[in-house]
*Asks:* 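Mind having a look at this structure? Questions to follow.
Nothing fancy with the numbering, it's 1 onward along the sequence.
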Amino acid sequence: MAGHGNVVATLKEAGYRLTPQRVMVLQAIAEGGGHQTAEAIHREVVKTYPYLDIATVYRILQLLKRLHLVTEIDLGGDSARYEVAEPNKHHHMVCRVCSRTFDLSTSYLEELRLRLVNEFGFEPDLEHFAIGGQCAECASG
């Protein structure tokens, strides 16, 4: 897992150890290309470590989310999805017809953030979210 030094440092600063289970969960997210459900992460990890239960995966995900090592996003459907937190954050557009997701640069949201701060003194949490709608392909079909 690339960048594991940062993960180790973040966990140590918060008083946690880098356990094999935490490494496997992070690896499953990183190697899965992001947008993984907890269930998909669990299925991947139990291939090499069959003793890990789904409750442990959820606890690890909550810890990693609290430490800003992973981000959680609701892309519609039954389960939240997780991806490794990136320095260059991005958001998502989710088609309500075909459920495909598209990355949305934070640059599109900077004007919104500035207006909320200037007009209301409100600092929005724009860490990670999805905007629902309809993609061009579905709209034309």
Side-chain angles (χ1 to χ4, degrees), residues 1-50 52-141:
M1 178 179 52
H4 70 280
N6 181 45
V7 171
V8 172
T10 301
L11 285 166
K12 281 186 178 181
E13 286 171 15
Y16 296 96
R17 292 181 303 117
L18 184 62
T19 64
Q21 294 86 347
R22 291 173 184 155
V23 169
M24 288 184 279
V25 167
L26 275 166
Q27 238 171 346
I29 298 168
E31 293 172 2
H35 305 150
Q36 304 275 338
T37 64
E39 293 79 11
I41 295 164
H42 179 254
R43 280 192 304 273
E44 189 59 34
V45 172
V46 297
K47 289 177 183 176
T48 55
Y49 190 77
L52 187 71
D53 63 24
I54 188 72
T56 302
V57 171
Y58 277 108
R59 282 192 301 275
I60 292 170
L61 288 170
Q62 291 309 307
L63 170 65
L64 298 174
K65 190 173 94 170
R66 245 187 349 267
L67 297 175
H68 304 286
L69 295 170
V70 301
T71 54
E72 176 185 58
I73 187 162
D74 181 359
L75 296 175
D78 296 338
S79 300
R81 297 179 181 265
Y82 300 87
E83 66 183 359
V84 175
E86 300 175 10
N88 299 320
K89 297 175 187 170
H90 66 277
H91 306 287
H92 302 91
M93 298 175 291
V94 182
C95 179
R96 68 177 174 266
V97 178
C98 67
S99 301
R100 283 186 297 172
T101 62
F102 307 88
D103 288 345
L104 176 66
S105 169
T106 57
S107 64
Y108 291 105
L109 301 171
E110 186 57 23
E111 183 179 339
L112 171 64
R113 189 191 72 74
L114 289 173
R115 287 190 72 167
L116 292 172
V117 169
N118 292 334
E119 291 180 30
F120 303 102
F122 182 80
E123 182 64 52
D125 177 10
L126 299 177
E127 185 173 302
H128 206 188
F129 66 92
I131 299 171
Q134 191 172 17
C135 72
E137 190 173 308
C138 290
S140 67

*Asks:* Can you see which heavy atom on C95 is nearest to which on C135, and at what distance?
*Replies:*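 Looks like SG-N, 3.4 Å.
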
*Asks:* If I compare all heavy atoms of V57 with all of A38, which pair ends up nearest, and what's the gap?
*Replies:*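 What the structure gives for the nearest pair is CG1-O, 3.8 Å.
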
*Asks:* Are V25 and Y82 close enough that some pair of their side-chain heavy atoms sits under 4.5 Å apart?
*Replies:*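 No, every pair of side-chain atoms sits at 4.5 Å or beyond.
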
*Asks:* Any chance you could measure T19, atom OG1, to M24, atom CE, to the nearest 0.5 Å?
*Replies:*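 Rounded to the nearest 0.5 Å, the OG1-CE separation comes to 7.5 Å.
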
*Asks:* Within this structure, what is the CD1-CD distance for the pair I41 and Q27, rounded to the nearest 0.5 Å?
*Replies:*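 I41 CD1 to Q27 CD: 12.5 Å, rounded to 0.5 Å.
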
*Asks:* Counting N and O atoms only, with roles assigned by atom type, does the side chain of H42 sit under 3.5 Å from a partner on the main chain of Y58, one being a donor and the other an acceptor?
*Replies:*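 No.
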
*Asks:* Is a donor on one side and an acceptor on the other found under 3.5 Å between the side chain of R22 and the backbone of R17?
*Replies:*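 Confirmed, R22 side chain pairs with R17 backbone.
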
*Asks:* Run the salt bridge (Lys or Arg N to Asp or Glu O under 4.0 Å) test against E39 and tell me which residues pass, sequence neighbours left out.
*Replies:*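 For E39, no residue satisfies salt bridge (Lys or Arg N to Asp or Glu O under 4.0 Å) once neighbours in sequence are set aside.
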
*Asks:* How far does CG of L69 sit from OG1 of T10, to the nearest 0.5 angstrom?
*Replies:*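 Reported value, rounded in 0.5 Å steps: 5.0 Å.
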
*Asks:* When rounded to the nearest 0.5 angstrom, what is the spacing between CZ in R66 and CG in L64?
*Replies:*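 Here the rounded value is 9.0 Å.
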
*Asks:* List the atom of K47, the atom of E44, and the distance in Å for their closest heavy-atom pair.
*Replies:*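 Minimum heavy-atom separation between K47 and E44: NZ-OE1, 3.1 Å.
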
*Asks:* What do you reckon, is CD of E111 surrounded by more than 12 foreign heavy atoms closer than 6.0 Å?
*Replies:*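 Open: at most 12 neighbouring heavy atoms sit under 6.0 Å from CD of E111.
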
*Asks:* So, taking the atom named OG1 in T37 and the one named CD in E72, what distance separates them when rounded to the nearest 0.5 Å?
*Replies:*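 Nearest 0.5 Å value for the OG1-CD distance: 11.5 Å.
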
*Asks:* Give me the atom names and distance for the closest heavy-atom approach of L61 to V70.
*Replies:*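 It is O-CG2, 4.0 Å.
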
*Asks:* With the side chain counted from C-beta on, respond yes when T101 and R81 share a heavy-atom pair under 4.5 Å apart, and no when they do not.
*Replies:*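 No, every pair of side-chain atoms sits at 4.5 Å or beyond.
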
*Asks:* Is there a side-chain contact between E137 and R100 (heavy atoms, below 4.5 Å)?
*Replies:*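 Yes, at least one pair of side-chain atoms sits under 4.5 Å.
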
*Asks:* Which heavy atom of I29 sits nearest a heavy atom of E83, and at what distance?
*Replies:*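 Looking at all heavy atoms of both residues, the shortest contact is CG2-CA, 3.5 Å.
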
*Asks:* Run the ring pair (Phe, Tyr, Trp, His ring centres under 6.0 Å) test against F102 and tell me which residues pass, sequence neighbours left out.
*Replies:*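 Partners of F102 under the ring pair (Phe, Tyr, Trp, His ring centres under 6.0 Å) test: none.
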
